[in-house]
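Read the structure below first, then the notes.
Since the structure is predicted, the reported quantities are computational estimates derived from the model, not experimental observations. Here is how names work: the chains are called A, B, and so on, in the same order as the sequence lines, proteins then strands, and each is numbered from 1.
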Amino acid sequence: MTVEDYNKAVESYADNLYRFVLKNLKDVHLSEDIVQETFEKLWVKLEAVSVLKVKTYLFTSAYHTMIDYIRKEKRYVGFDPGEGIEPSHSSHYSDLTELLEIAVGNLPEDQKAVVMLRDYEGYAYREIADITGLSESQVKVYIYRARVYLKNYIGSIEQVI
Amino acid sequence: MDINRNNYEEYLLDLMEGRLTAEESQQVRDFLLLHPDCDEGFIGEQTWNLASGTIVFKGKAGLKKELPDSSTPLTPSNFDLFSIARLEGDLTPAQEADHDRLVAADGARKKEWEAWQKTRLTGEVILYGRKHQLIKTPVRRSRMIWISVISTAAALAMIITLFRINPVLTDPAGTSREIIVDAVDDPTAFEDKGKTKQQEPSVDPVILASEPVTFSIKKHQDPPELTGENQDPVQTGLKSDSASRIIDEEKIQTRPLKFGMMQSYPKAIEAGQYDRIVSLDLPPFSNQSGSLTWAQLSEKGLRQTYRDFIKEKDLSLLTVASAGVHGINRLTRSELSLDLSRNEDGEISGFRFKSNLLSVDSPVNRTE
C-alpha cells in the first residue's frame with residue numbers, strides 16, 4: 001500500500017469503521033480512539049497490507065481491539081436471546097430504527113458484531129468469519145439467532161404499543 | 001466349564017451379557033434346571049439389556065434446525081429458517097418462488113415475513129470527526145535527505161563531544177580571545193571584519209568550553225603572510241605549536257585549521273540546570289564549501305592535531321562540537337542545541353543534546 005492508498009482508505013472506510021465500533025460500544029470517545037488506533041496499526045503495517053484487503057484488515061483489527069476492550073472492562077455479559085428480555089421502557093420506542101438499535105444492543109457481542117458486519121457492510125459469511133475468527137457455520141448460526149431475537153423483540157414491543 | 005453353586009452367578013452374568021458360547025449357555029441352563037433355587041427368573045427373559053427396546057419421539061423432525069441449502073425443500077415447519085435465509089440472500093430462485101407462494105397463500109405467514117424483513121439493520125450514516133487527523137502527508141525525498149544529513153552531522157558533533165570533553169581548561173586572564181591557528185594561510189578571509197579584539201576578563205575555566213569558536217578547513221599550499229592582526233603574542237605562539245608542526249611534518253596538502261574567537265563570551269550562562277552554548281557568528285558557508293569531510297578529518301590526524309592544540313590553547317572538543325551544532329543550525333535552520341549541566345561546584349557534570357525531535361542527556365566522564 002502506498003500513502004495515497006492509505007489516505008483513500010481513510011476516506012472510504014473511517015466512517016464505516018467508526019459506525020461499526022460506535023454501535024457496538026456506545027461510547028463516542030472510545031470508539032474514536034479505537035478507529036484512530038486501528039488506522040495507526042494500518043499505517044505501521046502499510047507495506048504488508050494489500051490494497052484489496054485493507055477494509056477487511058481494518059475491520060478485523062477494530063473488531064479485536066473492541067473485543068479486547070470489552071473483555072478487559074468486563075462489559076461482556078453472557079446473554080441468551082432465547083430467554084428473552086422484556087423491554088422495560090417500551091412506550092416511547094415508536095420508531096422502528098430506534099427499536100431495532102435497542103434490540104441489537106441487547107445481543108451478545110459476537111452476534112451483534114456479526115449482524116452489523118452483515119447488514120451495514122454487506123460482508124459475506126466467509127469474510128465475517130475471517131474478521132471475527134469464527135467459523136463460517138458459527139457466523140451463520142449467530143446471524144440466525146440474532147434475527148430470531150430481533151424479530152421476537154420487535155414483535156413483542158409492537159404488541160405492547 | 002465347571003459350574004457349581006459357588007460360581008454359578010458368574011456364569012449367569014456371562015450368559016446375560018452374551019459372552020458364552022452356545023454350548024456353555026446350554027450347560028448353564030442345564031445347571032439351573034437341576035438347581036431351580038438358583039434360577040432367579042432371568043432365564044427366558046429378553047429384557048436384560050437396558051438398551052433393548054426403542055422409544056421414538058415423533059416430534060424429532062420438527063426440532064431439527066438445519067439451515068436451508070439449495071436442496072432443502074420448503075415446508076411449513078422450516079418457514080422461519082427459509083425466511084431468514086431469504087433475508088440473507090441464501091435461497092435459490094426456485095426456493096424464493098416457493099417461499100413467495102407460501103407467503104401469498106397464508107396471511108399469517110405474510111405477516112411473519114414482514115416481521116422478518118424488519119430485522120435487517122439499515123445503513124445509518126455516521127461520520128468520523130477525526131478523519132483529518134488520520135490523513136498522512138507523504139514525506140518528500142529532499143526533506144528526508146536533509147533530515148538524514150542533519151542527523152549525520154548532529155551525530156558527528158555528538159561523537160566529537162563524547163570522544164573527549166576537557167572541562168579542566170585554563171585560560172590566563174587577559175588573553176586575547178582571537179586565536180588563529182592557521183600558520184599557512186590568511187585566516188582573516190573567514191573572519192567577521194567588524195569584530196575587534198578585546199581583552200577578556202578572567203574566565204572560569206569551565207566556561208571556556210562554551211566560548212564561541214569558528215572552525216573551518218581550507219585547502220592552501222602556501223603559508224600565509226602574517227598580518228598585523230596575526231602577529232599578536234598568541235598567534236605567534238601558535239605558529240610554532242604542535243598543530244602547525246604536525247601539518248608541516250606530514251608534508252601533506254595543507255588544510256589549515258582556523259580556530260578564532262569571533263566575539264567575547266557574553267556571559268549568557270544563566271542560572272539554571274543547563275547553560276546554553278551561545279550561537280556563533282560564522283562566515284558564509286560558501287567560502288568553505290566542500291572542505292570539511294570526516295575522511296579529511298581522519299586523514300589529517302585531526303584528533304592528534306586538535307589534542308595538541310587544545311593542550312596549548314585552552315580549547316576543548318566541546319567548543320568545536322558547539323561550533324558544529326551552530327553550523328548545522330545555520331545551514332538547515334534547525335534548532336539543535338548543546339547544553340551543559342553543572343554540579344554544585346560549578347563543574348560540568350553532563351551535557352544535553354537537544355533537537356525538536358529528541359533530547360539526549362549524557363554525564364561527563366571526569367576521569368582525566
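One N or O on the side chain of A:Arg118 and one on the backbone of B:Glu88 form a donor-acceptor pair closer than 3.5 Å. Of the possible polar contacts, none joining the B:Tyr128 side chain to the A:Val35 backbone as a donor-acceptor pair under 3.5 Å is found. Using modelled atom types, no side-chain atom of A:Asp15 and backbone atom of B:Leu127 make a donor-acceptor pair closer than 3.5 Å.
Note that CG of B:Leu121 and NZ of A:Lys112 are 11.5 Å apart. Values are rounded to the nearest 0.5 Å. Separation of atoms CD (A:Glu32) and NZ (B:Lys131) is listed at 12.5 Å; rounding is to 0.5 Å. If you take NZ on B:Lys136 and OH on A:Tyr6, they are separated by 4.5 Å, rounding to the nearest 0.5 Å.
Using a 4.5 Å cut-off between heavy atoms, B:Asp80 does not touch chain A at all. If you measure heavy-atom distances from A:Tyr144 to chain B, the contacts under 4.5 Å come from both the backbone and the side chain. Neither the backbone nor the side chain of A:Leu42 has a heavy atom closer than 4.5 Å to any heavy atom of chain B. With a 4.5 angstrom heavy-atom cutoff, A:Ile143 touches chain B only via side-chain atoms. Within the 4.5 angstrom heavy-atom criterion, atoms from both the backbone and the side chain of A:Val148 approach chain B. Looking at B:Arg120, the atoms closer than 4.5 Å to chain A (heavy atoms on both sides) sit in the backbone and in the side chain alike.
Residues B:Lys118 and A:Ile154 share a closest heavy-atom pair of O-CD1, 3.8 Å. Scanning all heavy atoms of the two residues, the minimum distance from A:Asn7 to B:Leu134 falls at OD1-O, 4.3 Å.
Ranking B:Thr119, B:Leu87, B:Asp90 against chain A, the residue ahead of the rest is B:Thr119, based on heavy-atom pairs under 4.5 Å. Of the residues considered (A:Glu101, A:Met116, A:Glu40, A:Gln36), A:Gln36 shows the highest number of contacts with chain B, using heavy-atom pairs under 4.5 Å. Contacts with chain B were tallied for A:Val141, A:Asp119, A:Asn16; A:Asp119 has the most, counting heavy-atom pairs under 4.5 Å. Ranked by non-hydrogen atom pairs under 4.5 Å with chain B, the options A:Arg147, A:Lys140, A:Glu121 are led by A:Arg147.
Using a 4.5 Å heavy-atom threshold, the side chains of B:Gln133 and A:Val10 count as separate.
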